[in-house]
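Remarks on the structure that follows.
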Amino acid sequence: QVQLVESGGGLVQAGDSLRLSCAASGVAFSYTHMAWFRQAPGKEREFVAAINWRGGRAPYADSVKGRFTISRDNAKKMVYLEMNNLKPEDTAVYYCAAGSTSISPQNYGTWGQGTQVTVSS
């Protein structure tokens, strides 16, 4: 059974940084594309970043470009999202997803439980 577990969320101030982590198990992680999405209250789940199994990055969402960086460690079965210069509009539940580099959440079959990121102004 494939499992994804996110961690690293929290309450920060605008301009701060956070690093989210996603631990994968039960999957051939080294050959699995991975992505991060987020969902704010009352809004649809939106694509943030994706990385293919070789470490190549898909284009970031415009809203996070230049501030967020996705990376992975295949040996540890981990994917990360480094978030810098956080803004209040980054407040959301952040989800790790496996299986694609698509911007559409419908193309992903496995999701983590999410980790809350709250950015105060």
Side-chain angles (χ1 to χ4, degrees):
Q1 182 178 1
V2 178
Q3 284 191 325
L4 301 174
V5 180
E6 302 95 334
S7 61
L11 172 62
V12 297
Q13 294 185 334
D16 285 351
S17 298
L18 273 178
R19 188 175 83 154
L20 304 183
S21 300
C22 174
S25 61
V27 63
F29 183 81
S30 297
Y31 301 102
T32 301
H33 303 327
M34 300 294 296
W36 287 96
F37 284 76
R38 67 186 183 186
Q39 189 166 16
K43 295 188 176 181
E44 294 186 351
R45 192 166 297 189
E46 66 170 354
F47 172 84
V48 174
I51 188 167
N52 67 27
W53 67 273
R54 292 182 175 181
R57 297 174 176 87
Y60 291 86
D62 287 343
S63 57
V64 307
K65 200 172 297 181
R67 300 187 297 121
F68 290 13
T69 302
I70 188 171
S71 61
R72 65 188 297 158
D73 185 332
N74 286 347
K76 296 182 178 179
K77 293 189 175 181
M78 297 287 294
V79 63
Y80 306 100
L81 185 68
E82 186 74 35
M83 306 186 295
N84 297 316
N85 189 22
L86 282 160
K87 303 176 181 181
E89 52 263 43
D90 295 318
T91 295
V93 177
Y94 283 72
Y95 296 92
C96 178
S100 179
T101 56
S102 169
I103 65 172
S104 174
Q106 285 78 11
N107 291 331
Y108 294 80
T110 303
W111 295 85
Q113 83 290 350
T115 185
Q116 176 71 47
V117 172
T118 303
V119 185
S120 64
S121 57

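- The nearest pair of heavy atoms linking Ala14 to Ser121 is CB-CA, 4.4 Å.
- Sorted by first and then second residue, the side chain to side chain donor-acceptor pair (under 3.5 Å) pairs with a member in residues 7-17 read Ser17-Asn84; sequence neighbours excluded.
- In terms of heavy atoms, Arg72 sits closest to Asn52 at NH1-O, 3.0 Å.
- The minimum heavy-atom distance between Trp36 and Val79, with the atom names listed, is CZ2-O, 3.8 Å.
- A 4.5 Å side-chain heavy-atom check between Leu20 and Met83 finds at least one atom pair inside the cut-off.
- With rounding to the nearest 0.5 angstrom, the OG1 atom of Thr101 is 10.5 Å from the CD1 atom of Ile51.
- For the residue pair Arg57 and Ile70, the shortest heavy atom distance occurs at NE-O, 2.6 Å.
- Lys76 is not listed as a side-chain neighbour of Ser21, based on a closest heavy-atom distance of 4.5 Å or more.
- Rounded to the nearest 0.5 Å, atoms CE (Met34) and CG (Asn74) are 10.0 Å apart.
- Among pairs with a residue in residues 77-121, those fulfilling ring-ring contact (aromatic ring centres under 6.0 Å, His included) read Phe37-Tyr108, Phe37-Trp111, Tyr108-Trp111, at least two apart in sequence or across chains.
- One hydrophobic cluster holds both Val93 and Ile103 under the rule that ILVMFWY side chains link at heavy-atom gaps under 4.5 Å.
- Ser102 and Asn107 are linked by a side-chain donor-acceptor pair at a separation below 3.5 angstrom, with hydrogens and angles left out of the test.
- Here the CZ-NE2 distance, from Arg54 to His33, works out to 9.5 Å after rounding to the nearest 0.5 Å.
- To the nearest 0.5 Å, atoms OG (Ser63) and CD (Glu89) are separated by 8.5 Å.
- Arg67 pairs by the salt bridge (Lys or Arg N to Asp or Glu O under 4.0 Å) definition with Asp90, not counting sequence neighbours.
- There is no path of hydrophobic side-chain contacts, each under 4.5 Å, that joins Tyr60 to Phe47.
- Phe68 and Val12 fall within the same hydrophobic cluster, where Ile, Leu, Val, Met, Phe, Trp and Tyr residues are linked whenever their side-chain heavy atoms come under 4.5 Å apart, directly or through other members.
- Enclosure of atom NZ in Lys65 by more than 12 non-hydrogen atoms of other residues, nucleotides or ligands within 6.0 angstrom is indicated.
- Summarising the geometry, atom CD belonging to Gln39 is positioned 9.5 Å from atom CD belonging to Glu46; distances are rounded to the nearest 0.5 Å.
- By the 4.5 Å heavy-atom criterion applied to side chains, Lys77 and Ser25 are not counted as neighbours.
- When atom types are taken as modelled, the side chain of Glu6 and the backbone of Thr115 share no donor-acceptor pair closer than 3.5 angstrom.
- When every heavy atom of Leu81 is checked against every heavy atom of Val48, the shortest pair comes out as CD2-CG1, 4.1 Å.
- Nearest approach of Leu4 to Gln113, heavy atoms of both residues: O-OE1, 3.6 Å.
- Leu11 is not listed as a side-chain neighbour of Gln116, based on a closest heavy-atom distance of 4.5 Å or more.
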